[in-house]
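Step one of this worksheet: look at the structure below.
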Amino acid sequence: MRTFRIGGVHPEENKLSAGKPIRAAELPKQAVFPLSQHIGAPAVPVVRRGDTVKVGTKIAEAGGFVSASVFSSVSGKVNKIDSVVDASGYRKPAIFIDVEGDEWEEGIDRSDTLVSECTLSPEEIIRKVKEAGVVGMGGACFPTYVKLTPPPGTRAECVIINGVECEPYLTADHRLMLEKTDEILVGVTLLMRAVKVDKAYIGIENNKPDAIRKMAERAAAYPGVEVVPLKVKYPQGGEKQLIDAVIRRQVPDPPALPVHVGAVVQNVGTAFAVYEAVQKNKPLIERVVTVTGKSLADPSNFRVRLGTPMSQLIDAAGGLPEDTGKVIGGGPMMGKALATVEVPVCKGSSGVLVMNGKEARRSAPQPCIHCAKCVSVCAMGLEPYLLATCSAHGDWERVEREHIMSCIECGSCQFTCPSHRPMLDYIRLGKNKVGGIIRARNAKK
């Protein structure tokens, strides 16, 4: 059984909600839509205060080539265009909509009937994906239509679907594969047609035997689609690690992209969103979110309208426990502590993790003992101790030379450090600084 070849760790899985079927979350009283729910330029509002919208109404237009439109997931009236604290902890421009009923735009197919036939051209599929505001649902939130439009001089050979869900606690993708199997597989065939390939691989870690079995059984009816069971190892959900595990090719350092080694990688949630966009004319207005934690009364998987406050999901899962120490947006390895539980669910919101005080407490950092464990587990082959130390001292030229921008922020280095050093914190600081320097440098050219 395959896995990636460089680095990796094995954190405790804690898939507490794996056996919980997806259930619909209640509509919020007010939905909030940040304009930056994707990598790239923020979307530009196309509604004003007082406007009436329906479910599926476009409320913000893509602000550039690397950008994505935003659609209302509720019906009601635009209360204001203001700012909101998002999962990153920063205030971002957002559209606030007061919910009134649940009226949908015409033309959206809301039935559960599977639509498998598609006669659209690759260009028409990509256009519909773009018009629906679909982005990567695994957390990176890269506009999907851009990935489906490879740079000149490159050619895809296969599509790789990420069904790994290696982040501890999270089970949204697992449940989606079990409950929307054929819809995902139709989405995979649409992605194959869009990038003009006849082969797709679906990578699933072997801690999900039910998903492997069901996806493999159904995939037999879809030519060219193969399910690839993988050994459990974090961070196998990283697209470079997944490519290595599935087709044994390694993507060079930036600016090289997965398509340079023939692969286009998409998450299973993205495949499902593509199915709904192309076959159901449904823009990206909802997603599956895991709400979990060891002290939570009812760890659950919810189908949530975008813009719903995370506090509402926590209440639906039993409420905030008394021993709560921290609430994480995402999983424990790559997620970030929320400044407030009123943060709205966005396109990239895969989970809400309620950590108790004992779990959330950080150990006091000690001096580095030069054990090199962080180097041995780095899935990108970097030297995390060096990147963190240089970032702490503001040596931005050195960290750029040491390829800090290649770091995928998986947290394996910090997880394995016996001295409890906050390496990821400093590396994130360094990446932010170096990224700004690079952008300024490019602007002068």
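Basis for what follows: all heavy atoms, side chains included, without hydrogens, waters or symmetry-related copies. Position 1 is the first residue of the sequence; numbering continues from there.
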Close aromatic pair by centroid cut-off 6.0 Å: Phe65 and Tyr145 | yes
Arg23, CZ atom: more than 12 neighbouring heavy atoms under 6.0 Å | yes
Backbone of Ala41 reached by a side-chain donor or acceptor of Ser67 within 3.5 Å | yes
Is Glu226 salt-bridged to Lys199, cutoff N-O under 4.0 Å?
-> yes
Report the C-alpha distance between Ile438 and Met405 in whole Å, list the side-chain angles of each, state the deciding distance to 0.1 Å, and finish with yes or no for side-chain contact (heavy atoms from CB on, under 4.5 Å).
-> CA-CA 10 Å; Ile438 293 173; Met405 300 307 291; 4.1 Å; yes
Lys231, NZ: over 12 other non-hydrogen atoms inside 6.0 angstrom | no
Lys373 atom NZ, over 12 foreign heavy atoms within 6.0 Å = no
Under 3.5 Å, side chain of Arg303 to main-chain N/O of Ala25, donor-acceptor pair present?
-> no
Could you tell me whether a side-chain N or O of Ser419 sits under 3.5 Å from a main-chain N or O of Pro367, the two making a donor and an acceptor?
-> yes
Identify which one of Thr292, Asp173, Thr290 satisfies the side-chain hydrogen bond (donor to acceptor under 3.5 Å, both in side chains) criterion when paired with Asn301.
-> Thr290
Worked check of side-chain contact (heavy atoms from CB on, under 4.5 Å) between Gln236 and Glu205 | CA-CA 9 Å; Gln236 198 151 227; Glu205 287 192 331; 2.8 Å; yes
Lys/Arg-Asp/Glu bridge criterion (N-O < 4.0 Å) met for Glu276, Lys280 | no
Near Lys431 NZ, under 6.0 Å, is it more than 12 heavy atoms from other residues, nucleotides or ligands?
-> yes
Establish, from distance only, whether the side-chain atoms of Arg287 and Ser349 form a donor-acceptor pair under 3.5 Å.
-> no
Excluding sequence neighbours, so at least two apart, what forms side-chain contact (heavy atoms from CB on, under 4.5 Å) with Val99?
-> Pro28, Val74
Any donor-acceptor pair under 3.5 Å from Lys20 side chain to Pro299 backbone = yes
Does any N or O in the side chain of Lys233 come within less than 3.5 Å of the main-chain N or O of Gly7, such that one atom is a donor and the other an acceptor?
-> yes
Could you tell me whether Glu26 atom CD has more than 12 heavy atoms of other residues or ligands within 6.0 Å of it?
-> no
Per side-chain hydrogen bond (donor to acceptor under 3.5 Å, both in side chains), Thr171 is matched among Ser350, Ser17, Ser300 by Ser17
